[in-house]
Amino acid sequence: MLYQRSSQLFQEAKKYIPGGVNSPVRAFSAVGGDPIFIKEAKGAYIYDEDGREYIDYINSWGPMILGHAHQPVIDAIIEKTKKGTSFGTPTEIETQIAKLATTMVPNIDQIRMVNSGTEACMSAVRLARGFTGKDKIIKFAGCYHGHSDSFLIQAGSGAVTFGTPNSPGVTKGTAKDTLLAQFNNLLSVEELIAANKNEIACIILEPVAGNMGCIPPQEDFLEGLRELCNEHDILLIFDEVMTGFRQAEGGAQQRLNVNADIVAFGKVIGGGLPVGAFAARKEIMDYLAPIGPVYQAGTLSGNPLAMAAGLAMLTELHDHPEIFKSIDEKTIYLKEGLDKVLTKNGVAFTINQIGSMISVHFSETPVVDFESAALGNNEYFKKFFHGMLEEGIYIAPSAFETWFISEALSYTDLDKTIAAADKITAAW
Ligand SMILES: *Cc1c(COP(=O)(O)O)cnc(C)c1O
């Protein structure tokens with residue numbers, strides 16, 4: 001038994017935690033089998049409870065862009081911890097990270113810290129509604145913005161994987177204010193705007209989708225949304241929880257050269273601690289309490305340990321902008337290597353990649369939206385996932401997730417990964 005201790009721990013966990021996990025995608029439901037329990041991690045590697053080592057392509061779902069237990073981040077947390085872990089008062093470090101983040105990211109003057117990406121997106125939408133005085137929002141099928149009610153109308157990622165696109169518990173009243181468009185399809189957005197004249201507060205999307213596998217925006221899609229928003233007094237919200245501080249120092253806005261009105265962050269901004277944030281130009285942020293009428297708050301928001309981790313992470317990225325080029329090159333190398341072996345082995349596949357996000361879809365057709373992502377062969381994905389796991393390669397346990405490349409990965413790690421993919425698919 002390769003995963004004996006993990007399986008025992010999972011049995012025990014299931015007694016006390018629903019499904020044995022604190023976030024559904026961890027349960028391996030989409031790929032079958034018991035999840036592996038991780039004991040520790042360093043650099044590009046994670047180690048399970050049975051003592052096995054894996055090259056990690058999840059990186060805590062994105063935050064570990066510099067690899068696990070990155071020393072400056074760890075040191076910052078340890079130092080901060082010695083001075084107390086939470087005061088519920090303003091602290092200087094909150095201003096330091098806010099100043100740095102607004103320097104790194106275009107179009108934002110101010111930023112408000114929260115505790116998760118879910119909170120960030122939820123609050124961004126409330127702010128957009130408060131600012132515009134309108135109720136309805138447009139989201140895209142397959143884009144995930146966390147688990148708050150307005151977004152679980154037909155979500156990607158976990159919700160799709162678990163076959164509950166409309167979660168019970170979300171009221172009809174809430175659902176009716178969320179309109180669904182198709183990713184990479186401007187016409188679907190134009191139709192919704194035409195049918196709901198002067199009622200739409202915001203359009204929210206992942207500028208690079210990462211929750212239906214990785215799906216880059218097609219040419220002119222984001223630009224088209226920007227124009228529609230300008231024309232109809234709609235705020236454009238970029239959910240950069242995945243892409244922020246990853247696709248570039250300034251996130252997808254910078255990489256793709258499209259300006260959003262409100263930007264949501266999570267993952268990298270917390271350096272592995274629970275942090276989310278949302279940001280905009282001052283005119284919009286002025287609508288927030290305590291100076292504005294839109295209420296939003298958090299007992300542990302801006303927590304000193306979380307800010308120390310986030311500040312250390314952002315400082316590393318800001319001081320070493322060459323990291324972004326380096327992870328992009330590693331990801332392209334991986335893409336080219338996988339492309340070569342899967343082609344050689346006669347497997348039907350599509351690889352989507354932009355920057356340090358990449359995903360392999362076992363699909364003959366291009367994957368450009370949720371519908372085409374769903375055409376992938378999940379039986380092949382399951383075989384691929386478990387095969388890779390046995391070879392010591394840890395990829396996301398769902399075909400609807402992107403892989404995240406970290407700077408800690410070496411070219412030797414990438415070569416091992418490509419060789420493992422070759423070995424597994426050679427027999428198909
Ligand atoms: C992960 C994610 C979220 C939710 O963040 P949590 O911290 O899990 O609440 C929101 N949007 C996107 C794009 C994400 O990838």
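Start at 1 with the first residue, then count along the sequence. This one's a predicted model, so the numbers in the text were calculated from it and none came from an experiment. Whatever order the structure lists ligands and atoms in, that order sets their numbers, starting from 1.
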Aromatic ring proximity Phe28/Phe385, centre distance under 6.0 Å: yes
Counting heavy atoms not belonging to Glu371, are there more than 12 under 6.0 Å from its CD? no
Looking at Phe140 versus Phe370, is the centre-to-centre ring distance below 6.0 Å? no
At less than 4.0 angstrom from any non-hydrogen atom of Glu206, what atoms of ligand 1 do you find? 13 (C)
Should the heavy atoms of other residues, nucleotides or ligands under 6.0 Å from NZ of Lys42 be counted, would the total exceed 12? yes
Taking atom 4 (C) of ligand 1 as the reference point, the nearest protein heavy atom with its distance: Thr118 N, 3.7 Å
Which residue and atom name correspond to the protein heavy atom nearest atom 13 (C) of ligand 1, and how close is it? Asp239 OD2, 3.2 Å
Please check whether Asn211 reaches ligand 1 - meaning an N/O of the residue sits under 3.5 Å from an N/O of the ligand, judged on distance alone. yes
Just which atoms of ligand 1 are under 4.0 Å from any heavy atom in His145? 10 (C), 11 (N)
Check each of Gly117, Ala120, Ser23, Gly276 against atom 7 (O) of ligand 1 and report the one with the nearest heavy atom. Gly117
Tell me if the CD atom of Glu231 is crowded by more than 12 foreign heavy atoms within 6.0 Å. yes
Identify, for atom 2 (C) of ligand 1, the protein heavy atom at the shortest distance, and state residue, atom and that distance. Lys267 NZ, 2.6 Å
Determine, stepwise, if the pair Met64 / Phe404 fulfils side chain to side chain contact (heavy atoms under 4.5 Å, CB included). CA-CA 9 Å; Met64 304 307 173; Phe404 297 99; over 6 Å; no
Closer than 4.0 Å to some heavy atom of Ser116 - which atoms of ligand 1 meet that? 7 (O), 9 (O)
